[in-house]
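A short write-up of the structure that comes next.
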2 protein chains.
Amino acid sequence: MATRLKRKPAISRARSEEQRQAKLEAILAAALDVFVEKGFSDARLEDVAARAGVAKGTIYLYVASKEALFEAMVHAGLAVPIETVEQKILALDLPAEATLRMLFAFLRQEVLGTQRKQIVGLILSEAGRFPEIAAVYHREVLSRGMRLLRRVSERAVERGEFQSDELSRFPQLAIAPGVLALVWTNLFGHIEPLDVEDMFEAHVALLMRALKGPPA
Amino acid sequence: MATRLKRKPAISRARSEEQRQAKLEAILAAALDVFVEKGFSDARLEDVAARAGVAKGTIYLYVASKEALFEAMVHAGLAVPIETVEQKILALDLPAEATLRMLFAFLRQEVLGTQRKQIVGLILSEAGRFPEIAAVYHREVLSRGMRLLRRVSERAVERGEFQSDELSRFPQLAIAPGVLALVWTNLFGHIEPLDVEDMFEAHVALLMRALKGPPA
DNA sequence: CGTGCTAATGACTGGACGGTCAGTCAGATG
DNA sequence: CATCTGACTGACCGTCCAGTCATTAGCACG
């Protein structure tokens, strides 16, 4: 038995491992499409299977249930290099203004410009009914983002770059237009498009004038 | 026939009309609860009926389908006196700062503090899959709100109260923290509460400093 | 009190879909 | 080549529920 366990897997697993991973990714990608299009409840696992090029039963060899599929998909999509960004930004040690511009460029290119935008949209839609998803997203994305922004603001205050501390107290104010852009483009973009780049630019300009100016 | 139509309805309609209205309202109120709790797809009409104190079939005497029920509920919930607010604000002709404070107070008390918050949350959740709802909400709420904010900003610029025009170009920047507050309290409020009043205060302070200060 | 009408009911139907599992077959093994 | 294995399949099961409709309740009127 020990021999069997050592020899055979060494060959067939090596091969199967790639395939397994590739198949899982295909399933998760298909799931993203279908969940985005229909929402969690109306998404049909048969559609996911068809789009992934497997049979329905196969999905259950990779995930335990429809809900687990949803969570796996969100997790995979959230493998955002947010930690990398976080450390890079803190290491670069740029002025707060440059840092904020970097963050908004990141937001536009890596979130709004990719399918991550749809994952976040899905979270906004479904998190109310999936406390688990809400908690994961809060822990892995939100709280880190808020902490990063708070540090940037605090550092700018210490250095005298900022004259006031509203951003240290409410880092949410910095990304609020990001949330709005996401919601707006997802829901109303086809009715009234929003020039996200210009809006972000105007936002940073306003923020800098307010924070660098004389304290109230 | 003419006599019947004139006489009998005059009595029985008068009575039935009240009851009919009351029953419809009960159904819509029940629908709000259930839709908020479960989302559109997972909401069961039997639950709505039970909560409204009627039988399932009765719902179909008032609305044509589950989707029509959802739309009727949103419509009823959107009977926001936004037009009144709009005209009052334009008539009062206060300084832009006072106007913005009024708007945020309104937002806190009349939206975030009531079940309208839940209706808006429902719209954010479901509008992606209900283009009709998205369009109605955009037409009746969003575009009016944006127009109002734009006018306030333009007027302030003309008067010299504001030194720059970012808000005229992107009124969205003014309400972005409102959207964030709504999303945050709906999804993450139980994990990390947000002091909405303080945040709004900080937001208005920042905005005023940026807009009243010297142009960039 | 009987008659006629509408509002209301809730058992029922038809279809949809999450999840299961007996069976298939490609490829590994000896 | 014969055998074995386990990944994969898809028909099937049980359940759920939107929407229907035959039946009943409630009420006005003569």
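All chains are named by letter (A, B, ...) in the order of the sequence lines, taking the proteins before the strands, and each is independently numbered beginning at 1. Just so you know, these numbers use all the heavy atoms, side chains as well, and skip hydrogens, waters and symmetry mates. Everything numeric here is computed off the predicted structure, so don't read it as measured data.
With sequence neighbours excluded, the residues satisfying salt bridge (Lys or Arg N to Asp or Glu O under 4.0 Å) with Asp33(A) are Arg51(A). Qualifying salt bridge (Lys or Arg N to Asp or Glu O under 4.0 Å) partners for Glu97(A), counting only residues two or more places apart in sequence or in other chains: Arg101(A), Lys212(A). Partners of Glu46(A) by side-chain contact (heavy atoms from CB on, under 4.5 Å), not counting sequence neighbours, listed by chain and number: Lys56(A). The ring-ring contact (aromatic ring centres under 6.0 Å, His included) search around Tyr60(B) returns none, not counting sequence neighbours. Every residue meeting the ring-ring contact (aromatic ring centres under 6.0 Å, His included) condition with Phe200(B), not counting sequence neighbours, appears here in chain and number order: Phe104(B).
Taking every side-chain heavy atom of Leu61(B) into account, dT9(C) is the closest of dG19(D), dC8(D), dT9(C).
Remark: Ala43(A), Arg44(A), Leu45(A), Lys56(A), Tyr60(A) in residues 41-60 of chain A come within less than 4.0 Å of DNA chain C through at least one heavy atom.
At least one side-chain nitrogen or oxygen of Lys23(B) sits closer than 4.0 Å to the OP1 or OP2 atom of dA8(C).
The shortest non-hydrogen separation linking Leu112(A) to Lys117(A) is O-CD, 3.4 Å.
Straight-line distance from the CD1 atom of Ile27(B) to the P atom of dA7(C): 13 Å, rounded to whole Å. As rounded to whole Å, 12 Å separates atom P of dC16(D) from atom NZ of Lys38(B). We find that OH of Tyr62(A) is positioned 18 Å from P of dG19(C), with the value rounded to whole Å.
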